[in-house]
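Here is the structure we will look at, set down as structure tokens.
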There are 4 protein chains.
Amino acid sequence: MISFENDYTKGAHPKILQRLIETNFESLSGYGTDPYCESAKNKIKSACHAPEADIYFLIGGTQTNQIVISSLLEDYEGVITPETGHPYIHEAGAIESTGHKVLALPEQNGKLIPEKLQQYLYEFYQDSNHEHMVFPGMVSISYPTEYGTLYTKKELEQLSQICGTYHIPLYLDGARLGYGLMSQESDLTLPDIAQICDVFYIGGTKVGALCGEAVVFPKNNAPKQFLTRIKRQGALLAKGRLLGLQFDTLFTDHLYEQISKHAIDMAEELKNCLKENHYSFYLESPTNQQFVILENQQLKELKKQIAFSFWKILDDTHTVVRFATSWATTKEELEQLKTILSIKQKGVFL
Amino acid sequence: MISFENDYTKGAHPKILQRLIETNFESLSGYGTDPYCESAKNKIKSACHAPEADIYFLIGGTQTNQIVISSLLEDYEGVITPETGHPYIHEAGAIESTGHKVLALPEQNGKLIPEKLQQYLYEFYQDSNHEHMVFPGMVSISYPTEYGTLYTKKELEQLSQICGTYHIPLYLDGARLGYGLMSQESDLTLPDIAQICDVFYIGGTKVGALCGEAVVFPKNNAPKQFLTRIKRQGALLAKGRLLGLQFDTLFTDHLYEQISKHAIDMAEELKNCLKENHYSFYLESPTNQQFVILENQQLKELKKQIAFSFWKILDDTHTVVRFATSWATTKEELEQLKTILSIKQKGVFL
Amino acid sequence: MISFENDYTKGAHPKILQRLIETNFESLSGYGTDPYCESAKNKIKSACHAPEADIYFLIGGTQTNQIVISSLLEDYEGVITPETGHPYIHEAGAIESTGHKVLALPEQNGKLIPEKLQQYLYEFYQDSNHEHMVFPGMVSISYPTEYGTLYTKKELEQLSQICGTYHIPLYLDGARLGYGLMSQESDLTLPDIAQICDVFYIGGTKVGALCGEAVVFPKNNAPKQFLTRIKRQGALLAKGRLLGLQFDTLFTDHLYEQISKHAIDMAEELKNCLKENHYSFYLESPTNQQFVILENQQLKELKKQIAFSFWKILDDTHTVVRFATSWATTKEELEQLKTILSIKQKGVFL
Amino acid sequence: MISFENDYTKGAHPKILQRLIETNFESLSGYGTDPYCESAKNKIKSACHAPEADIYFLIGGTQTNQIVISSLLEDYEGVITPETGHPYIHEAGAIESTGHKVLALPEQNGKLIPEKLQQYLYEFYQDSNHEHMVFPGMVSISYPTEYGTLYTKKELEQLSQICGTYHIPLYLDGARLGYGLMSQESDLTLPDIAQICDVFYIGGTKVGALCGEAVVFPKNNAPKQFLTRIKRQGALLAKGRLLGLQFDTLFTDHLYEQISKHAIDMAEELKNCLKENHYSFYLESPTNQQFVILENQQLKELKKQIAFSFWKILDDTHTVVRFATSWATTKEELEQLKTILSIKQKGVFL
């Protein structure tokens with residue numbers, strides 16, 4: 001069985017494991033105060049062209065969204081996301097558990113539309129009952145989105161400008177940031193993101209690490225006592241070295257970019273292979289996640305040999321599924337896929 | 001500089017790293033559904049003589065306390081701990097962040113006294129205003145305690161019986177469980193704990209793992225939808241294998257017991273060495289943490305060569321500090337300590 | 001200026017004020033333990049044909065929704081409402097402040113459609129990712145709805161049956177319950193509601209009281225320690241007599257029904273008057289709230305002489321506004337309205 | 001049966017009821033936007049010599065503490081109270097329900113000792129683990145205290161100065177403020193309190209109102225969007241007039257002071273009567289609450305004819321009880337008490 005189920009089915013990049021071994025018996029202080037965290041932060045600041053950045057390492061994506069969002073909102077505020085956003089759907093109410101509403105706006109291919117955001121904010125303050133409503137306190141988007149799509153630099157700047165007008169921060173969830181930045185369609189760089197957004201995170205879990213996300217407040221703008229906020233949410237890792245070492249490795253010699261690029265190359269091959277075999281796509285994704293429409297009988301057959309994810313029911317006879325590549329996808333896996341699909345194509349479904 | 005600062009200054013037991021490497025490129029499902037989690041759970045059930053146990057892996061201690069406690073309490077209930085308890089003092093309000101009060105009772109050497117618990121519960125229900133007060137909803141203790149001390153089996157049974165009378169669960173925080181069980185003074189076994197307590201956790205972070213705690217509900221008594229509760233707190237690890245593999249390793253061939261025993265042996269040597277050099281102890285601890293009273297000038301001098309932890313101010317001229325051994329403490333480190341202390345003893349402080 | 005702004009612009013029914021005076025100097029115990037609370041509860045039980053009911057008095061609607069909903073949900077659950085529901089839009093995040101998501105479903109004229117509810121619940125459990133999502137834990141509807149519309153008995157039974165299948169309670173917000181029950185279109189009685197719903201509240205604030213809502217758990221099914229839950233939310237009134245006396249008065253000699261009927265009669269006259277003057281309605285409401293479409297210039301003119309509420313922007317040139325009658329609307333006010341509208345009609349807008 | 005059970009056993013001052021009747025049929029806007037709220041605010045500003053004050057009306061004391069405290073704290077902060085403080089003991093976890101710890105300090109006769117506060121704050125920041133602890137974010141005291149005692153002006157200024165040094169606000173809970181200010185031992189005035197404290201509330205429920213507390217931010221320093229915060233906690237009263245009218249009445253012609261003074265006069269008589277009959281006091285209280293030590297058999301006998309409150313168990317044979325006077329205590333009630341006590345004294349207990 002080959003797996004394109006998601007981008008976290010394998011362990012960590014071998015260089016990470018190697019460094020864990022090399023440093024294993026060093027006695028280091030806990031809670032992120034070790035030299036590897038320090039070094040990783042410096043490398044990230046440098047990669048972001050953000051020498052003033054405040055950087056914190058957290059363990060996973062939902063945790064990161066929960067802590068960043070709850071730290072930035074006032075009690076009476078909620079967070080705006082597109083209605084397909086991860087915090088709105090797939091975080092089991094993690095944001096609400098901190099007392100805040102997720103304000104979902106209509107989206108297009110996973111993206112928040114600047115015009116819709118503008119309209120929402122305008123109408124909110126026009127509504128004479130708005131003091132009885134949850135105030136929009138920040139905007140949270142992801143790059144790439146839940147559907148693998150990308151904001152253009154212009155769109156991101158528009159969102160940022162609207163947020164600026166209403167004095168609310170723009171937060172970018174970069175769980176798969178590398179896969180976005182390395183896409184051929186991306187016109188954004190890491191420094192662009194650091195310059196345009198108020199806060200964002202660089203995903204490790206899905207891009208070569210065992211776990212870990214790096215939160216970046218690019219303008220020395222971390223909320224007060226952020227470490228204590230992390231502790232209070234139960235998210236402060238005793239052996240902070242585990243996170244520091246991983247990001248230090250990923251940001252040495254452009255490893256993060258290289259392995260992200262590899263996933264994109266594999267995704268291009270995957271896409272071509274699917275296209276050649278006449279599969280149709282739910283939408284055009286330029287990143288490592290590909291959303292494919294399968295006839296239900298076809299789905300059942302493919303599942304026997306290939307692991308992929310259920311995405312959603314399209315209609316009575318069709319389902320949308322997701323194929324994902326990652327830093328660890330091998331050419332062999334793609335060859336196997338090609339073979340399977342080409343045999344299927346030749347008549348199994350007839 | 002040698003370090004007795006705490007029991008999480010070093011990485012992981014080498015066997016854990018080795019297994020991470022061996023399994024690194026296997027494609028495994030996420031969120032704890034992989035075979036290594038399954039295997040680890042089975043080994044733990046077996047070690048606990050609790051075939052019906054529900055077991056979940058979490059990342060750290062504060063997180064575990066937060067999720068277990070908030071899951072077991074009704075909205076109107078709080079958790080009882082000794083007033084030196086970790087959740088009361090050193091979790092930055094993690095319990096309160098879930099809406100629950102920590103009800104601190106007087107303690108003795110870090111331990112909750114059964115009589116005091118009994119009295120508190122009795123008086124609570126006698127108080128005609130108790131409907132205006134936070135109801136005691138569970139008891140949380142740790143083994144060993146924050147002061148390295150141990151409950152006897154009889155004491156644990158007494159606490160359990162009192163909890164039973166008031167229909168509230170008894171939870172045991174085992175961040176350093178191995179160091180408790182392997183102490184020469186312990187008259188408890190893992191199956192005893194599984195039999196006496198309603199829920200407990202087996203600490204990994206401080207006993208050989210990079211991170212990870214195993215929560216055990218020994219009688220198939222996990223709260224409903226516990227996985228979703230974990231997700232909601234941002235604590236569900238995508239690559240659950242990282243936790244499963246570690247506990248699978250620790251519970252293979254009695255590794256957890258062996259490395260815990262090693263820390264206790266080292267602690268005995270440490271204690272002897274300190275005693276021989278006429279240091280006095282804040283209290284008698286039979287586990288891996290030793291609390292030593294230092295004259296402030298002495299503290300300043302020792303600090304130059306040895307890392308240890310500040311514990312608390314005793315009086316104007318004395319401070320309590322903590323020396324901790326761990327699974328990774330080496331004989332060489334102890335030898336170095338002996339040398340340093342013996343030189344100091346010979347007159348440096350004069 | 002005459003006011004049809006809402007149904008809480010005037011004080012209380014005179015009989016209530018009279019009884020406040022009569023009982024003012026009696027020394028009564030606090031927190032709802034006085035004989036007037038007791039008597040009111042008995043009268044409500046009787047009116048509901050629910051001798052086993054648990055009844056609690058609270059102060060306002062948002063508070064009641066907040067306490068009832070948060071008390072009935074498990075941590076990992078959310079509450080389903082129609083997307084026009086008060087808790088979703090106009091309670092400033094009161095539900096989310098207790099850690100729970102409001103799950104908004106598509107609606108029709110303010111009503112939750114049984115088929116949509118059924119589909120949502122079915123698909124939720126079909127979704128293989130549902131353990132990463134907020135579980136639907138209860139259904140909250142209002143009667144009448146935010147748009148003054150009414151569920152039929154059959155619809156209410158359907159919703160109840162669906163809830164039963166999924167083992168989640170059905171909660172009915174009766175802020176304007178009297179105005180619903182006294183509508184000519186209603187085929188429901190108070191005993192019907194007590195029989196079909198798991199919990200509901202009888203609104204006082206909008207139906208003749210200074211403040212106050214009576215929560216009814218008709219089958220002796222109040223959550224454990226409900227009084228303490230009320231206290232914990234800061235909602236336990238010291239002088240509980242204020243609430244008891246009001247409901248005791250409202251449920252003596254059918255006062256609640258009579259004054260509700262009066263508001264409906266006034267609403268019918270209001271509707272006729274508006275129709276005669278060729279106003280068009282946003283939707284057909286059989287209760288005390290009437291939603292009227294005004295051309296924006298017309299709105300500006302009318303506002304000079306009549307108080308009504310902004311509801312929503314319909315398009316660039318039209319706005320939906322609300323006219324409400326209440327227990328306190330007088331025939332004189334309606335006569336004044338008729339005069340104003342008839343003069344306007346005769347050409348003022350030209 | 002005569003009652004000295006508490007200071008909220010009777011209704012409202014007759015002038016309040018009279019004004020409710022006079023204004024009952026005026027159509028007024030909701031949520032505190034009516035002219036009576038406006039007028040009441042102006043009178044309170046004037047009485048406080050605080051023309052810049054922000055004033056909000058809430059319904060009860062626990063609610064007020066909950067909203068004020070949660071609005072002033074950052075997520076990572078807790079509130080300091082004396083360990084006998086109402087929020088720590090008798091609010092059913094209302095503060096914790098908002099995610100914040102109550103940090104209880106040792107007290108003396110119900111009062112927070114400036115030296116202890118200073119020491120606590122100093123040691124907190126000295127503790128090298130303080131980032132793992134709940135930060136002290138504000139101080140909450142009450143005037144009079146839970147034990148009826150009073151801070152001197154000097155003590156209040158000391159507390160304020162310490163708070164200033166640590167940049168945390170000082171909040172004064174004035175549930176019984178009138179009874180404190182009118183005590184012969186008070187050296188504080190309302191303008192003093194407005195000048196020294198950052199926020200306080202003037203209690204209505206216990207001083208002549210049916211319900212209601214007036215929160216005063218004396219220096220135009222209300223938290224942003226305070227109305228929405230109130231709404232979010234379910235505490236925004238639709239018919240805000242009920243609160244406005246009551247405070248407008250209480251602050252007209254010094255009514256609040258007069259009726260408070262009456263309660264103090266009655267308390268002095270009560271105290272004398274108890275002393276003459278050789279009752280002993282738990283502590284010396286200069287306000288309307290008197291704490292008396294009763295032998296348990298004596299308690300049982302007295303209870304048959306007089307209502308008073310259980311306070312706490314003193315020892316196996318004695319109990320502390322509370323007698324309270326109020327704005328509504330009558331001379332007749334005191335005469336009755338005298339008669340009862342004098343008969344008892346003459347031998348009934350033999």
Side-chain angles (χ1 to χ4, degrees), chain A residues 1-6 8-14 17-18 20-21 23-30 34 58-67 90-94 96-98 205-206 209-211 225 227-239 241-242 245 307 328 330 333, chain B residues 1-6 8-14 17-18 20-21 23-30 34 58-67 90-94 96-98 205-206 209-211 225 227-239 241-242 245 307 328 330 333:
Chain A
M1 171 87 88
I2 50 168
S3 173
F4 294 91
E5 192 183 349
N6 59 51
Y8 44 92
T9 58
K10 292 180 183 169
H13 193 279
L17 295 182
Q18 187 187 328
L20 285 179
I21 288 169
T23 61
N24 192 47
F25 287 110
E26 295 176 15
S27 273
L28 302 178
S29 284
D34 64 90
L58 290 164
I59 296 155
T62 295
Q63 180 182 86
T64 302
N65 287 339
Q66 186 180 42
I67 294 171
H90 283 121
E91 299 188 353
E96 290 86 357
S97 85
T98 67
T205 300
K206 287 162 180 151
L210 285 166
C211 60
Q225 305 301 350
L227 190 96
T228 304
R229 294 176 193 263
I230 292 171
K231 177 76 185 175
R232 179 179 178 255
Q233 298 275 20
L236 189 61
L237 197 62
K239 294 182 180 170
R241 69 203 291 161
L242 174 60
L245 260 167
T330 62
E333 287 166 332
Chain B
M1 171 86 88
I2 50 167
S3 174
F4 295 90
E5 193 183 350
N6 59 52
Y8 44 91
T9 59
K10 292 180 184 170
H13 192 279
L17 296 182
Q18 187 188 329
L20 285 178
I21 288 170
T23 61
N24 192 47
F25 287 110
E26 296 176 16
S27 275
L28 301 178
S29 284
D34 63 273
L58 290 164
I59 297 155
T62 295
Q63 180 181 86
T64 302
N65 286 339
Q66 186 180 44
I67 294 172
H90 283 122
E91 299 188 354
E96 290 85 357
S97 85
T98 68
T205 301
K206 287 161 179 150
L210 285 167
C211 60
Q225 306 300 349
L227 191 97
T228 304
R229 295 176 193 262
I230 292 171
K231 178 75 185 176
R232 177 177 180 257
Q233 298 275 21
L236 190 60
L237 196 61
K239 294 181 181 172
R241 70 201 292 160
L242 173 59
L245 260 167
T330 62
E333 287 166 332

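Lettering of chains follows the sequences in order, A, B, ..., and the numbering in each one begins at 1.
Under the side chain to side chain donor-acceptor pair (under 3.5 Å) criterion, N65(B) pairs with E91(B), Y171(B), D173(B), not counting sequence neighbours.
The greatest number of non-hydrogen atom pairs below 4.5 Å with chain B, out of C211(A), A307(A), A235(A), G234(A), is found for G234(A). The residue among I21(B), T228(B), N6(B) with the most heavy atom pairs within less than 4.5 Å of chain A is I21(B). Between chain B and the residues T23(A), I2(A), N24(A), the most heavy-atom pairs under 4.5 angstrom are made by N24(A).
Closest of all the heavy-atom pairs between S27(A) and E333(B) is OG-OE2, 4.4 Å. Of all non-hydrogen atoms in K231(A) and H90(B), the two that sit nearest each other are CE-O, 3.3 Å.
Note that the OH atom of Y8(B) and the CG atom of L28(A) stand 12.5 Å from one another [nearest 0.5 Å]. Here the straight-line distance linking atom CD1 of I59(A) with atom NZ of K239(B) works out to 14.0 Å at 0.5 Å rounding. Taking OG1 from T98(A) and CD from Q233(B), the interatomic distance works out to 10.0 Å, rounded to the nearest 0.5 Å.
For a residue to count as touching a neighbouring chain, one of its non-hydrogen atoms must lie under 4.5 Å from one of that chain's; by this rule L242(A) touches chain B with the side chain only. For chain A, the nearby part of E26(B) is the backbone; its heavy atoms alone come within less than 4.5 Å. Contacts between L210(B) and chain A at a heavy-atom distance below 4.5 Å involve backbone atoms as well as side-chain atoms.
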Let me see the working for T62(A) and L236(B) under side chain to side chain contact (heavy atoms under 4.5 Å, CB included), right down to the final yes or no.
CA-CA 8 Å; T62(A) 295; L236(B) 190 60; over 6 Å; no
Please step through side chain to side chain contact (heavy atoms under 4.5 Å, CB included) for the pair S29(B) and E5(A), ending with a clear verdict.
CA-CA 8 Å; S29(B) 284; E5(A) 192 183 349; 3.6 Å; yes
